[in-house]
Structure formats: C-alpha cells, structure tokens
Amino acid sequence: MDAVNAPEKEDIVEKLSLPRTIHLIPMDYIDGFAVRPGFYEINGATAIPGGVNFTVHSHSATSISLLLFHRTETEPFAVLPFPKGYRIGNVYSMIVFKLNIEEFEYAYRVEGPYEPEKGLIFDGSRYLLDPYAKAVTGQSHWGISNPGQQYKARVVKDDFDWRDIQQPLIAMEDLIIYELHVRGFTRDESSGVAHPGTFAGLLEKLPYLESLGINAIELMPIFEFDEMQDYRTWEGNILYNYWGYSTVGFFAPNTSYTASTEYNREGNELKSLIQACHQRGIEVYLDVVFNHTAEGDERGPFFSYKGFDNNIYYLLTPDGKYYNFSGCGNTMNCNHPIVRQMILDCLRYWVTTYRVDGFRFDLASILGRSEDGSPMGAPPLLQSLAFDPILGDVKLIAEAWDAGGLYQVGTFPSWNRWAEWNGRYRDDMRRYLKGDGGMAQAAVLRMAGSGDIYEAKNRKNASVNFFTCHDGFTLWDLFCYNEKHNEKNGWNNTDGANDNNSWNCGVEGETADPAINALRRRMARNAFALLMCSRGIPMFLAGDEFCNSQGGNNNAYCQDNLTSWLDWGLLEKNRDMFLFFQAMIRFRKIHPILRSNLSGGCCGFPDVSFHGVKPWHGGMFEDHERYIGVLFSGWEKETGTDIVYVASNAYWEPLEISLPQLPERMGWTLEADTWREAPMAPEKGEGRFVIPPRTVMVFTAR
C-alpha cells in the first residue's frame, strides 16, 4: 500500500474521536497494511471508523502475529506480526486500517517457550482462535466436520435494534423455569416450525410457552461448541456432542443454531429470540460451561487457550498435567486473575449485548477451586460475580457440585446472591413419592423451602427445586424405568447415573397395561403438583408436560435423534397432562403464599405447618409414615388471606384424613386432585376425606 492510500492524520483524529491535541503515532506498514498501536483495554477484534482494532494478551509469549484469511480459505492472505512497540505489558494491540469486516476472518500465531513440565506448550505453527472472539467460523453447519480443528474468528457488527422493550426483571420467588435444548426442542418434524432446530424455530414456539405459563427459559449451552467432538457411530447411529457442554468460544453464539448464516452479524437471530421473550414477559437464562473447554487434556485438540497461556487457563499438576475435576479432560483455572477477568468480561458481554437475564453455571463448584484444586472459602470469582454492578439484576444459579467429588448444596459460597440447583430436593422428593420409608420428614422440609439447608446462613430464594433436568430421566421415564438404558450411547450402559431413585410402577419400559399407565400418569401429576406447591424456584424439563420419553436413557448427551428430540405428537395424545401442568402453574401464580412468607401466618395458623393423617403432626415423622400434609398460610394486602393445604399420600392404600379446623365462616375447597385424569374445577371440600393411594390433593381455605 503506497502513501497515497494511507489514512490522513486529521481523518483518524475525527473518526476515532480523539482529542485534537493528541500526539499521533506515525503510521507503520506491515504486509501492505497501514497500522498503528491500538486500544489496549478493548479485548478481541472491534470494528472502529476506518479499520479494526485487534487486542490480545499472553503472559509468557515472546511474540504474536495476526493472520488474516479470506472466507473458506485455510491459509492467510496476510501475516501481521505485532511490532515490539505495540506491546504494553503482556498486551498486544494494533489497529489495521482499510479492513472491510465482511471480507476477512482472523486468527493468531503465538511464539513462546516449550517447557511442558512447567505447563508451557507454545507452538508458533498453530493457528489460534481469539479467546475473545465474538463469532467463530469452522463449525457453522451442524454435523459437518472441521478438519484439523482450524477455528477462525469474525468481527461482529453490533447494530441490533432492541427498541424500548424492557427486561422482565421477575422476582426470584416468582420464577417458573423451563429447561430446554435449542436444537432438540424443535428438530423433529412434529414440531411444525419453519426452521427446525434453531433459535428461529424456538421463537416460533413462544406462543406455546406463553400458554403453558412458564416465565423463564433456561437454554442448554449455546456458546460455540464442536458437536463433532467424539463423533462416532454405534450400531448404525451417528453420535455427536449433542448437549454442547464443551465450549470452544465463550463470547460467541453457536452459529449452527441459526436458520441462516449471519456473516458479521452473528447473534442477531438469538437477539431476536431474546427480544421476543421479553415482549412476552419471559426471561432467558444461559447454561454456561466455564469449568472446562473443548481442548481436553494432553490428547485433546490445541486451538486457543493452550496456545496463549496453557499454565494460566488450566489447572495443572506440579508436573504440567491437567487436573480433571470436570470429568472432561481439563479444568479451567477460574480463580487466576486472568481467567477470572475473562469470565467476568464474558458475562458482562452477554448481559449488555444480548440482554440475557441469568446464568446457570455447570459444575459450579469448580469455580470455587484454587490453583492447586482445593476448595476456597471465599472464591474471588464467585464474589466478584456476586457484587459486579453490571450483573446486579442477573440471576446466578449454581450447579453446586463437580465431577471431583465436591458437593456444596447448601454450602455454596453465595453472599446471599447465588441460587443453587437443589439436588437434595430432587433426591428426597423422588424417594418420598415412590414410597420409600423414612422420607416423609425430608419431604415436608423440601416443600417448605429447605430451611434446614439454607436458613442457617440466611439465604433467601436459594433453592431451585426440580424433579427432572436434562441430566437424568425425563419425568415420564422416571416412572417407567427402574434402571437406566443407555446402551445406544456405546459405553455398555456404564455411563450415566445409577442412583436415579426411579420406579417403573411394575413393568420395565413401555407397556399396554392400562392400570400401570394410569398409575404412571398419576405419579407424574403427583410430582408436578408437589413441585408447584413447594417453596423455592421450580424448574422442569421441556416435554415433561406431555410425557416426553427418552426410552430410559438418562444420559442422552450424544443422541442427536429421536431419543432426544421432543415428539410434539405427544402433546395432543397427552393433552390432559398438558392441561394439568398449565392449571398447576396458574394455581401457583394465584397463591403467593406458595412462593414466600407473606406475614408470618394468619387465621391462627403459622406460616408453614406440617400435618399427618390427623392435624398438627407433633415432632418428627416416623419411618413408616408416608402421608404428609403441608399447610401454608399468610395475608397480603392485595390478595387478602391465602391458605393452601397440600395433602400427599405416597402409600399404596387409601387413607382417611382430617384437615385442620378453620375459623368460622371459612371452609375448605378442593382445587386439584391427581387421582383424576384431567384438571378439575374447584369444589367444596370437607374437613374429613379419604385420599386414594399414591395421590396428591390440594385445598384452599375460603
């Protein structure tokens, strides 16, 4: 490039909005491009007037080169080493002028020492993906291999019009979370959408979700991941990394989840989805995976973090090997200042640029481990996320355990800011419902908000209650199978959890026996009724509302097929189940007493009380007891008196029950009865009644 085409100093000042008095650094020329030092505090690649700013950092690198590629090309058309004067500290920054963002992709080459025993494995021959890449190429079409794992990045133009639509900002206690997989939700042709398996397909289903009544969706991983990782065939079936818990780029949306290629506007389809959700009062949470990356261990690919600072991004043993608290080969060094800052930058980016409402952190206990792998009392990362101003309204939800044996349900460091997937709710309530002895006491505590776990530390709205999630059986399968059936995964049924606390109701798998199927349907209704009548934040798995099945597979992470895709034909077949879910969600919304302590009780009742077959159960429930009654009572200025009694019989025989005595002029009304196949209209109840076997009945006082 000759001097005639070089940007004029006055133009640069005006376009970059720099003060007129600034001393301009003269232009340099590298590989025909005019360049100058860039903006060192802006990580990644950013379009600016007249060019693109590239900023990247490495603690131990000796030099870094920027590589520019034409689309689809595997070799760069330009190589631009960062001049020594373009480095401040460990940060390299360069503005490259006259670059059209739609005409190139980029990567880096990083030189440095190779001392594996110290965790230093620099390799200047590798093309490395920018850790702050806003869009990743090389895996844009689902199921198409990326030879050699050559990832490149694109510069994204953020010009999405959010209009004046505000985020819902729903109170934690009012949430009803619906967990779904973007691809699996609409991939099956039965979904009837124009763009199956995409963000656009999910957007088409928002009226359905609105009618169901949920007000938050939790998306399984949508960061860029490689579904071809561990690609293989087993008995004629192609197996993928379908769930996506193996991140390639933390700042980039998965481009294979879009209905069309969004060159340099990656993320707009996702933004449209989030905007439409907010219009309907639905919040959007992302399931984020910061505990490990797709680079794996010594045998895994080498495409980004290993090449920039392997011994900073990963937890390493003293001899330079990878700690594996994630069960996936490597573990991110989350409390190192560099990694901590990257995670904070990432979450801030998704909140400010995508208007995301919350995050669920996969294997979040890893985020509290120190550089030697030991748990920390006050992890800097968790604390910084809890108090960060940008994240001030964002929901933070931890999966409070990891694959290294650290289990922190109830003890996750929170600063009264973090909620948790309450694994004890899932396990205790499953055992209670299937009739295990000695579980009644645990069940009433879980329904009352798990105060035995959280109140001692004054943690509010900390418990995310669930019976099912992506990891494990669907709700229908929970009552169809005693054992997991993961043979299709290709590991001889050794993968997946063995402690499912499930019950097949007498026959393993599908059956034509009408009595068993009626019992299974009732058990599913029981679970959902108790979930909606429990203090805490309820969450359930997409498809549970119409009895979706995975054929007993409790670890369908690799099944990109009918095993995991929702069968929307079941919605009409099981319409009564959908209507029951809909009715129980509506009931929960109508009764604030189920969501929080309103006033400490009312009408002579405390806020929460426990009852057996006779009112006012004294002391602990005994091992043989399988009936529980939980009464919630309170008063609110807007709604008045709110009293709900939940009767649950996990016994296999009918029981005669007496309800607590109400004040004069008040009577009991039966609102829900899982013995019945379909939702019911409220009807006047009596103080004494017979509850059928394995049945839940819900009463209100009027």
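On a predicted model such as this, the values are computed, not experimentally measured, just so you know.
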Any chance the side chains of Gln229 and Ser246 put a donor and an acceptor closer than 3.5 Å? yes
Return the set of residues passing ring-ring contact (aromatic ring centres under 6.0 Å, His included) with Phe199 (not counting sequence neighbours), or none when no residue passes. Tyr257
Salt bridge or not for Lys271 and Asp158, using N-O below 4.0 Å? yes
Which pairs, with at least one residue in residues 44-68 and sequence neighbours excluded, count as a ring-ring contact (aromatic ring centres under 6.0 Å, His included)? Phe54-Tyr106
Tyr323: what forms a ring-ring contact (aromatic ring centres under 6.0 Å, His included) with it, not counting sequence neighbours? Phe325
So OG of Ser58 and CD of Glu111: to nearest 0.5 Å the spacing works out to 11.0 Å
In this structure, which one of Glu224, Glu103, Glu266, Glu102 forms a salt bridge (charged side-chain N to carboxylate O under 4.0 Å, His left out) with Arg154? Glu266
Counting distance only, does the side-chain N/O of Asn241 pair as donor-acceptor with the main-chain N or O of Met228 below 3.5 Å? no
Is it the case that the ring center of Tyr151 lies less than 6.0 angstrom away from the ring center of Phe303? yes
CD1/Ile95 to CE/Met27 distance, rounded to the nearest 0.5 angstrom? 7.5 Å
Mind checking what makes ring-ring contact (aromatic ring centres under 6.0 Å, His included) contact with Trp418, not counting sequence neighbours? Phe361, Phe412
Would Tyr245 and His470 count as a close aromatic pair, with their ring centres under 6.0 Å? yes
List the residues meeting ring-ring contact (aromatic ring centres under 6.0 Å, His included) with His70, not counting sequence neighbours, and say none if there are none. Phe77
Looking just at side-chain N and O atoms, do Glu262 and Asn268 make a donor-acceptor pair shorter than 3.5 Å? no
Would you call Asp319 and Lys321 a salt bridge, taking side-chain N to carboxylate O under 4.0 Å as the test? no
Got a sec, which residues hit salt bridge (Lys or Arg N to Asp or Glu O under 4.0 Å) with Lys134, two or more places apart in sequence or on another chain? none
Between Asp159 and Arg265, is the closest basic N to carboxylate O distance under 4.0 Å? yes
Ring of Tyr263, cation from Arg71 - is the NZ or CZ under 6.0 Å from the centre and inside 45° of the axis? yes
So, taking the atom named CG in Leu270 and the one named CG in Leu202, what distance separates them when rounded to the nearest 0.5 Å? 9.5 Å
Quick check: does any side chain N or O of Asn291 sit under 3.5 Å from a backbone N or O of Asp362, one acting as donor and the other as acceptor? yes
So, the side chain of Thr55 versus the backbone of Ile42: is there a donor-acceptor pair under 3.5 Å, distance only? yes
Sidechain N-carboxylate O distance under 4.0 Å for Glu295, Lys306: no
Using the side chain to side chain contact (heavy atoms under 4.5 Å, CB included) definition, which of the options Leu286, Val248, Val289 pairs with Phe223? Leu286
Test: Arg360 cationic atom under 6.0 Å from Tyr285 six-membered ring centre, within 45° of axis: no
Have a look at Arg369 and tell me which of Thr331, Asn335, Asp402 forms a side-chain hydrogen bond (donor to acceptor under 3.5 Å, both in side chains) with it. Asp402
